[in-house]
There are 2 protein chains.
Amino acid sequence: MNQKIKSKETQNLIINSAFELFYKHGYNKTSIPEIIKGTGLSKGAFYHHFNSKKNIGEKVIDLTVRKRVYERMVAPLKNPDDAPVIPLLCDVFIKRIEGYSDLEKDLGCPANNLINEVGYSENSFREMLRDIIDHWQEIMVNLLEQGKIKGEIRKNVDTSATAIFLISAFEGVRGIRKVYNNDKILDEYLIAVKSYIEQLA
Amino acid sequence: MNQKIKSKETQNLIINSAFELFYKHGYNKTSIPEIIKGTGLSKGAFYHHFNSKKNIGEKVIDLTVRKRVYERMVAPLKNPDDAPVIPLLCDVFIKRIEGYSDLEKDLGCPANNLINEVGYSENSFREMLRDIIDHWQEIMVNLLEQGKIKGEIRKNVDTSATAIFLISAFEGVRGIRKVYNNDKILDEYLIAVKSYIEQLA
DNA sequence: TTAAAAACATACCGATAAGAATGTTTTTTG
DNA sequence: CAAAAAACATTCTTATCGGTATGTTTTTAA
């Protein structure tokens with residue numbers, strides 16, 4: 001097997017293990033011995049591929065967290081089929097939440113978890129996490145502006161503000177859900193966000 | 001000096017130090033040596049008054065975090081003067097955010113930080129944090145229902161859903177703000193939340 | 001006034017962390 | 001095929017953690 005490929009595979013193995021643990025226990029509570037334990041690798045292997053805990057934190061954010069947010073929340077808003085805007089927004093902000101597994105509901109959003117845990121204290125993390133949000137907002141603004149042109153969104157809607165409001169409510173409720181054992185909070189959010197989105201028309 | 005009072009004062013000293021550090025660095029990154037460092041006390045003193053790190057975490061949530069949320073966000077919604085509901089909501093969800101110090105903007109909401117960091121993993125924390133949110137929601141529902149009776153809120157508004165939506169957006173934006181160095185995100189939130197609240201009428 | 005109890009301080013313990021150093025095996029390349 | 005380089009494993013170091021045990025001093029109560 002090609003060495004480059006083997007190396008990448010090992011890195012991905014470690015990155016995936018790290019992501020799972022960061023997601024379940026948080027960044028600070030996860031140790032490097034714990035990360036490698038699940039992989040069958042050794043500490044030497046870890047430090048051969050990554051030079052610090054911060055370093056793998058960056059890799060996890062760049063390769064896994066960013067990708068996750070992009071695929072689930074950002075890409076669908078790019079609207080290549082030129083679908084109606086309001087139903088598309090409902091699809092992303094309602095259907096996606098309904099589709100989460102119980103574990104995903106319990107654990108919240110990986111990006112938001114990191115934002116809240118290390119968003120302020122870790123400089124390099126902060127910038128990467130901010131880029132994720134910025135990109136998300138930017139794509140949503142494009143969609144909303146497109147909706148204005150098509151006459152599907154009121155002209156007096158502030159698209160930047162609306163985008164941040166929707167992102168905030170979404171991330172906020174995924175956080176708050178973490179202290180509940182049932183879907184009550186998500187169900188209520190769904191009702192409110194639906195009515196909010198529809199009022200944009 | 002009375003011993004009971006002295007004891008309470010020492011406990012408060014430690015609790016305040018712990019709160020500040022939990023707020024700045026998070027619960028998991030804060031150590032007990034660090035907590036006592038600022039107080040001039042010793043480790044023996046700490047373990048005389050508290051029996052574990054988890055124990056002081058509970059005390060901080062119960063005495064400081066809960067109080068903070070209550071005084072700032074919940075109590076004003078109780079509306080003893082029977083003020084108009086919409087302006088009251090704007091006052092709480094807009095004016096309060098405008099009044100935050102730069103540090104408070106950078107560090108986010110102490111309650112939301114804990115919810116996201118240990119909301120799922122620490123059982124006893126989870127219940128206490130959930131109570132804070134439940135109480136907040138309950139008071140806001142009362143206010144909104146009161147607004148319906150007075151004809152200031154549309155009859156078809158789902159008050160529970162609206163309350164959670166407002167709380168989610170508020171906590172969400174305070175989290176997201178942590179990865180920014182400026183007020184852009186908060187300013188946009190303020191525009192959107194104002195328009196949202198006004199649409200409840 | 002004296003004993004006991006509360007309020008602390010000091011010293012210590014086992015566990016574990018991040019990471020460096022060094023050894024071994026596998027793969028690649030000349 | 002040999003040497004070098006990459007991919008690992010093992011061992012070790014230093015630091016710090018949460019928590020305990022054992023002091024000492026101060027306060028309270030008999």
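In what follows, every heavy atom counts, from backbone to side chain, and hydrogens, waters and symmetry copies are set aside. Order of the sequence lines sets the chain letters (A, B, ...), proteins ahead of strands, with each chain counted from 1.
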Between [options], which one does the side chain of [X] approach most closely?
X	options	result
A/Lys53	D/dT27, C/dA18, D/dG19	C/dA18
A/Leu41	C/dT28, C/dC8, D/dC8	D/dC8
B/His49	D/dG19, C/dC8, C/dA9	C/dC8
A/Ser52	D/dA6, C/dG19, C/dC8	C/dG19

Check your understanding: Is the shortest heavy-atom distance from the side chain of B/Phe165 to the side chain of A/Glu188 under 4.5 Å?
Key -> no

Review point. Side-chain contact, heavy-atom cut-off 4.5 Å: A/Asn28 with B/Tyr27?
Key: no

Below 3.5 Å between N/O atoms, which protein atoms pair up with nucleotides 13-16 of chain D? Just atom names and distances, please.
none

Exercise for review: Hey, could you give me each pair passing side chain to side chain donor-acceptor pair (under 3.5 Å) that has a residue in residues 36-55 of chain B? Not counting sequence neighbours.
Suggested key: none

Nearest whole Å is fine: how far is [N] [atom2] from [X] [atom1]?
X	N	atom1	atom2	answer
B/Tyr47	C/dC8	OH	P	17 Å
B/Ile32	C/dC13	CD1	P	20 Å
A/Phe50	C/dA18	CZ	C1'	16 Å
A/Glu34	C/dA15	CD	C1'	14 Å
B/Gln3	C/dC8	CD	C1'	11 Å
B/Lys4	C/dA6	NZ	C1'	11 Å
B/Lys29	C/dA18	NZ	P	11 Å
A/Ile5	C/dT27	CD1	C1'	13 Å

**Study point:** Quiz item: A/Lys6 side-chain donor-acceptor pair to D/dA7 base, under 3.5 Å
**Key:** no

Exercise for review: Spell out yes or no: do the side chain of A/Lys43 and the base of C/dG19 have one donor N/O and one acceptor N/O closer than 3.5 Å?
Suggested key: yes

Revision key, fill the gap. Assign each of A/Thr30 and A/Gly44 the nucleotide of DNA chain C bearing its closest heavy atom; nearer the 5' end lies the nucleotide of A/Thr30

Output yes when at least one side-chain N/O atom of [X] is less than 4.0 Å from OP1 or OP2 of [N], else no.
X	N	result
A/Ser7	D/dA7	yes
A/His48	D/dA7	yes
B/Thr10	C/dC8	yes

**Study point:** Distance-minimising heavy-atom pair for B/Ile86 and B/Ile197
**Key:** CD1-O, 3.3 Å

Exercise for review: List the atom of A/Leu114, the atom of A/Val65, and the distance in Å for their closest heavy-atom pair.
Suggested key: CD1-CG2, 3.9 Å

Review point. How about B/Tyr180 and A/Asp134: does a side-chain donor come under 3.5 Å of a side-chain acceptor?
Key: yes

Check your understanding: When you check the side-chain N and O atoms of A/Asn112 and A/Asn116, is any donor under 3.5 Å from an acceptor?
Key -> yes

Check your understanding: Is any NZ, NE, NH1 or NH2 atom of the basic residue among B/Glu117 and A/Lys178 found under 4.0 Å from an Asp or Glu carboxylate oxygen of the other?
Key -> no

